[in-house]
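Lettering follows sequence order; numbering is per chain, from 1. Everything quoted here is computed from the prediction, not taken from an experiment. Worth knowing before you read on, the calculation uses all heavy atoms, side chains too, and leaves out hydrogens, waters and symmetry mates.
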Amino acid sequence: GAGVSQTPSNKVTEKGKYVELRCDPISGHTALYWYRQSLGQGPEFLIYFQGTGAADDSGLPNDRFFAVRPEGSVSTLKIQRTERGDSAVYLCASSSGYQETQYFGPGTRLLVL
Amino acid sequence: AQTVTQSQPEMSVQEAETVTLSCTYDTSESDYYLFWYKQPPSRQMILVIRQEAYKQQNATENRFSVNFQKAAKSFSLKISDSQLGDAAMYFCAYHPGGKLIFGQGTELSVKP
């Protein structure tokens, strides 16, 4: 595609529920990244994929967070047993390589009630 | 630890004037990249400019330029001839490869 797309744009859920956030990277980009941005803060790294494998998942806050990229293109960020503190904007980015410029999607705003 | 600091939470500039946003970073690496991203209220992060650490020449993109001081670990952004559309949050980011490490951001307002 022309740019990185993310769905849904907004997601409202209740505490304890499971959510999935989707990211569709720029066509041909092998690297895909997830970041979390809390209100008034800069984005914080969660996980980075090179192809289908997670090359760096050091930013995942706990085992409730999990991400997959089974075919090396679309990625899904999965959050189990959501907590109010998970409320944030989740940003996805892609790049053509490890040290190349990252291009961002519009983000998914998650609100946990 | 690798950190990025933006010491100006808010800045204001008159339309058509010049403004400089500050950024410092901490790293022991010698090979890395630095970026400025712009985030308007739509929340889409937009690339403004990129600097390779091995290049001594400061990057320039139209009205946007940087002052990169590697020894001082400083990377400021200069916006010339400011326009109303420049109003946004600006984030400085350090990139050793893989993840980006962002600063806290500077909110820029442009007065007509």
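Atom CD of A:Glu100 and atom OH of B:Tyr33 lie 6.5 Å apart (nearest 0.5 Å). With rounding to the nearest 0.5 angstrom, the CD atom of A:Gln37 is 8.0 Å from the CZ atom of B:Phe102. Distance check, rounded to the nearest 0.5 Å: CD1 of B:Ile46 to CZ of A:Phe104 gives 11.5 Å.
Contact annotation: the side chain of A:Pro43 never approaches that of B:Gln39 to less than 4.5 Å [non-hydrogen atoms, C-beta and beyond].
Heavy atoms from other residues, nucleotides or ligands lying under 6.0 Å from CG of B:Asn62 number 12 at most. Within 6.0 Å of atom CZ in A:Phe66, 12 or fewer heavy atoms from other residues, nucleotides or ligands are found, so the atom counts as exposed in its surroundings. Around the NZ atom of B:Lys78, the shell of radius 6.0 Å holds no more than 12 heavy atoms that belong to other residues, nucleotides or ligands. Atom CD of A:Glu44 is surrounded by 12 or fewer heavy atoms from other residues, nucleotides or ligands within 6.0 Å. Annotation for A:Leu39: atom CG does not count as buried by contact number, only 12 or fewer foreign heavy atoms lying within 6.0 Å.
Contact between A:Thr101 and B:Tyr37 at its shortest, heavy atoms only, is CG2-OH, 4.2 Å. Nearest heavy-atom pair, A:Gln99 versus B:Pro96, reported as atom, atom and distance to 0.1 Å: NE2-O, 3.4 Å.
B:Tyr94 and B:Leu21 fall within a single hydrophobic cluster, where Ile, Leu, Val, Met, Phe, Trp and Tyr are joined by side-chain heavy atoms under 4.5 Å apart, directly or via other members. A single hydrophobic cluster is seen to contain both B:Tyr90 and B:Val110, as judged by linkage of ILVMFWY side chains at heavy-atom distances under 4.5 Å, directly or through other members. The hydrophobic clustering, which links ILVMFWY residues whose side-chain heavy atoms are closer than 4.5 Å, places A:Leu46 and A:Leu21 together. By the rule that hydrophobic residues join a cluster once side-chain heavy atoms approach within less than 4.5 Å of another member, A:Phe45 and A:Ile79 end up as members of separate clusters.
Using a 4.5 Å cut-off between heavy atoms, B:Leu47 contacts chain A through its side chain alone, with no backbone atom that close. Heavy atoms closer than 4.5 Å to chain B are found nowhere in A:Ile47, neither backbone nor side chain. Using a 4.5 Å cut-off between heavy atoms, A:Ser9 contacts chain B through both its backbone and its side chain. Residue A:Ser95: no heavy atom, backbone or side chain, is found under 4.5 Å from chain B. With a 4.5 Å cut-off on non-hydrogen atoms, B:Tyr32 does not touch chain A at all.
Here A:Tyr35 is the residue among A:Tyr35, A:Tyr48, A:Tyr103 with the most heavy-atom pairs under 4.5 Å with chain B. Comparing A:Gln102, A:Arg109, A:Gln41 by how many heavy-atom pairs each has under 4.5 Å with chain B, the most go to A:Gln102. Between chain A and the options B:Arg43, B:Gln44, B:His95, heavy-atom pairs under 4.5 Å are most frequent for B:Arg43.
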